[in-house]
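Here is the structure we will look at.
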Amino acid sequence: MANTFDYDVVIIGAGPAGMCAALYAGRSMLRAVVLERGMPGGELLNTEKIEDWIGEESILGHELARKFEAHARSFGAEFRLYTVVTSVRKLDDGRFETTIENGDVYHSPTIILTAGGTPVKLGIPGEIEYAGKGVSYCAICDGAFFRNHTIAVVGGGDAAVEEADFLTRYAEKVYLIHRRDELRASKILQQRLFANPKIEVIWNAVAEEIVGDAQGFMSVLRIRDVRSGELRDLAATGCFVFVGFRPNTGVIDGHFEHDAMGYIITDTNMQSSIRGLFAAGDVRSQLTRQVTTAVGDATTAAIAVEKYLKAIADSGAKEPEILASGGYAV
């Protein structure tokens, strides 16, 4: 038998944004629940060190995740872990119906979507076949398996450059494959990369195919020069892919305003074009996606939710408009 639950706000995703939203919801004495498909932490669990969290010159990703969770729980945050959300639908009465994989339903007048993103795949032959057998999307998860190996990293942003540097702890040599002649990563990360003797950058190249050996493991990364079209085989037993993320917005049943990449467009209150549906962190269209921006989004979203709920209680309107002044219109 499926169960039905009622909350003031359902928070989907327990990364930094979700846990921060839960903390502020708790401080506002809201009945809130966080639905998380795995363990709390989000991308923090895939990052070895965080060096841009104010007040901490350097902190391990999993340690910061643990602190976030403990802080949120101290204000009464309720977590439902290993809970996969399948759909979020707005009902005619203004409430949302959030359904999870086992059929249970959560009703709430507000949603804060903090579900983050999913790594973009290369879409080349061999990528799926050798996933977990050389192909990876998480350096901190799988790096130790490549001790003294030669491996490749594909990408040119912060994640690719940072993880290439991290992987040299284990690998004997790391190729960084980038399709352009300059990196998009921050300057400080580039400086570390270029100073690392174990890393060789291959410019103006894209991955074409992943080839395996007789034992069923990756042995070669075939790349193509985007200018000449020349193919080249790199002897590599691992390929770490960091070419971007797609926002996890597929659970939303209904149209919402989004940018060309599918990220949710919100107003300054973090509210989407669907009244009552708020978004924070990596699912939201914005200039940059960092831990600091995620928790800033979440702070605003949770406070806006509290004002939205108060407006409902005061006015009886099922979809009040929250004004920049903090007031509301019906």
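Position 1 is the first residue of the sequence, and the numbers go up from there. This structure is a prediction, so every number in the text was calculated from the model and none was measured.
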Note to self: Is it the case that the side chain of Arg275 and the backbone of Glu319 share a donor-acceptor pair, with hydrogens and angles ignored and the cut-off at 3.5 Å?
What the structure shows: yes
Notebook entry, point to check: Should we say atom CZ of Arg73 is surrounded by more than 12 heavy atoms from elsewhere, each under 6.0 Å from it?
Noted result: yes
Note to self: Quick one, Glu36 with Arg80, criterion salt bridge (charged side-chain N to carboxylate O under 4.0 Å, His left out). Give me CA distance, side-chain angles, the key distance, then yes/no.
What the structure shows: CA-CA 6 Å; Glu36 165 56 44; Arg80 302 282 178 95; over 6 Å; no
Next item on the list: Please confirm whether the backbone N or O of Gly281 pairs with a side-chain atom of Asp297, one donor and one acceptor, at under 3.5 Å?
Entry: yes
Check: Is Lys49 close enough and on-axis enough to Phe166, meaning under 6.0 Å and within 45°, for cation-pi?
Finding: no
Note to self: side-chain contact (heavy atoms from CB on, under 4.5 Å), that's the test. Do Ile210 and Val135 meet it? Break it down for me.
What the structure shows: CA-CA 9 Å; Ile210 293 164; Val135 177; 3.4 Å; yes
Item checked: Polar side-chain atom of Asp158 near backbone of Ser186 as donor-acceptor pair, under 3.5 Å -> yes
Checklist line | Gap between atom CD of Gln286 and atom CD1 of Ile264 - 0.5 Å precision | finding: 11.0 Å
Next item on the list: State whether the number of non-hydrogen atoms from other residues, nucleotides or ligands found under 6.0 Å of Lys173 atom NZ is greater than 12.
Entry: yes
Check: Is there a side-chain contact (heavy atoms from CB on, under 4.5 Å) between Ile100 and Leu35 once you walk through the steps?
Finding: CA-CA 9 Å; Ile100 65 172; Leu35 307 181; 4.1 Å; yes
Next item on the list: State, to 0.1 Å, how close Leu193 and Ala164 come at their nearest heavy-atom pair, and which atoms those are.
Entry: CD1-CB, 4.1 Å
Next item on the list: Indicate yes or no: at least one non-hydrogen side-chain atom of Glu321 is less than 4.5 angstrom from one of Gln271.
Entry: no
Next item on the list: Indicate the atoms forming the closest heavy-atom contact of Val243 with Gly155, along with that distance.
Entry: CG1-CA, 4.2 Å
Checklist line | Minimum side-chain heavy-atom gap Val105-Thr98 below 4.5 Å | finding: no
Next item on the list: Using modelled atom types only, decide if a donor and an acceptor are shared between the side chain of His62 and the backbone of Arg66 within a distance under 3.5 Å.
Entry: no
Check: How about Glu97 and His107: do any of their side-chain heavy atoms sit closer than 4.5 Å?
Finding: yes
Checklist line | Check: Gly229 main-chain N/O paired with Asp225 side-chain donor or acceptor under 3.5 Å | finding: no
Item checked: Contact summary for Ala32 and Ile11, nearest pair of heavy atoms -> CB-CD1, 4.5 Å
Item checked: Minimum heavy-atom distance Pro16-Gly41, with the two atoms named -> CD-O, 3.6 Å
Next item on the list: Mind checking salt bridge (charged side-chain N to carboxylate O under 4.0 Å, His left out) for Arg31 and listing every partner two or more places apart, or none if nothing turns up?
Entry: Asp8
Next item on the list: Using modelled atom types only, decide if a donor and an acceptor are shared between the side chain of Arg289 and the backbone of Arg284 within a distance under 3.5 Å.
Entry: yes
Next item on the list: Supply the atom-to-atom distance Glu56 CD to Lys67 NZ, rounded to the nearest 0.5 angstrom.
Entry: 4.5 Å
Check: side-chain hydrogen bond (donor to acceptor under 3.5 Å, both in side chains): which pairs involve residues 252-265, sequence neighbours left out?
Finding: Asp259-Ser285
Note to self: What's the separation between atom CG in Asn196 and atom CG in Leu167, rounded to the nearest 0.5 Å?
What the structure shows: 10.5 Å
Item checked: Over 12 non-hydrogen atoms of neighbours within 6.0 angstrom of CD1 in Ile128 -> no
Item checked: Check: Phe96 and Thr110 side chains under 4.5 Å, non-hydrogen atoms -> no
Check: If you round to the nearest 0.5 Å, how far is OG of Ser87 from CD of Glu101?
Finding: 11.5 Å
Notebook entry, point to check: Side chains of Val251 and Thr86: does their closest heavy-atom pair fall under 4.5 Å?
Noted result: no
Notebook entry, point to check: Is there side-chain contact between Cys239 and Val241, with at least one heavy-atom pair below 4.5 Å?
Noted result: yes
Notebook entry, point to check: Measuring from Glu57:CD to Ile50:CD1, what's the distance to the nearest 0.5 Å?
Noted result: 14.5 Å
Check: Is it true that a side-chain atom of Glu127 and a backbone atom of Leu122 form a donor plus acceptor pair closer than 3.5 Å?
Finding: yes
Margin query: Can you see whether Tyr7 engages Glu78 through a side-chain donor-acceptor pair at a distance of less than 3.5 angstrom?
Written below: yes
Notebook entry, point to check: Atom CZ of Phe245 and atom CG of Asp282: how far apart are they, to the nearest 0.5 Å?
Noted result: 7.5 Å
Check: With a cut-off of 6.0 Å (strictly less than), are more than 12 heavy atoms of other residues, nucleotides or ligands near CD1 of Ile188?
Finding: no
Checklist line | Nearest atoms (heavy-atom pairs only) where Val226 meets Arg179 | finding: CG2-O, 3.8 Å
Next item on the list: Please check if the side chain of Ser272 supplies one atom and the backbone of Ile274 the other of a donor-acceptor pair under 3.5 Å.
Entry: yes
Notebook entry, point to check: Between Phe240 and Phe146, how do the two ring planes meet: parallel, tilted or perpendicular, split at 30° and 60°?
Noted result: perpendicular
Next item on the list: In plain terms, say whether Arg192 and Glu163 are close enough for a salt bridge, that is, a side-chain N and a carboxylate O under 4.0 Å apart.
Entry: no
Next item on the list: Just do the side-chain contact (heavy atoms from CB on, under 4.5 Å) check on Val153 and Val174 with the steps written out, would you?
Entry: CA-CA 7 Å; Val153 172; Val174 175; 3.9 Å; yes
Check: Can you tell if the side chain of Phe278 reaches within under 4.5 Å of the side chain of Val305, non-hydrogen atoms only?
Finding: yes
Margin query: Under 3.5 Å, is there a donor on one side chain and an acceptor on the other for Asp181 and Asn204?
Written below: no
Margin query: For a quick test of reading the model, state the closest non-hydrogen atom pair linking Ser219 to Asp213 and the distance between them.
Written below: OG-N, 3.6 Å
Next item on the list: Start with the C-alpha gap between Ile111 and Ile252, add the side-chain angles, then the distance that decides, and say whether side-chain contact (heavy atoms from CB on, under 4.5 Å) holds.
Entry: CA-CA 11 Å; Ile111 297 283; Ile252 303 173; over 6 Å; no
Notebook entry, point to check: Do other residues, nucleotides or ligands put more than 12 heavy atoms under 6.0 Å from Ile54 CD1?
Noted result: no
Next item on the list: For Ser273 and Phe256, indicate whether the former's side chain and the latter's backbone hold a donor-acceptor pair under 3.5 Å.
Entry: no
Next item on the list: Check whether NZ of the Lys or CZ of the Arg Lys310 lies under 6.0 Å from the centre of the six-membered ring of Tyr308 and within 45 degrees of that ring's axis.
Entry: no
Notebook entry, point to check: Does any N or O in the side chain of Asp104 come within less than 3.5 Å of the main-chain N or O of Asn3, such that one atom is a donor and the other an acceptor?
Noted result: yes
Next item on the list: Taking the side chain as every heavy atom from C-beta outward, state whether His178 and Leu183 have any atom pair closer than 4.5 Å.
Entry: yes
Check: So does Glu209 pair up with Arg222, basic N to acidic O under 4.0 Å?
Finding: yes
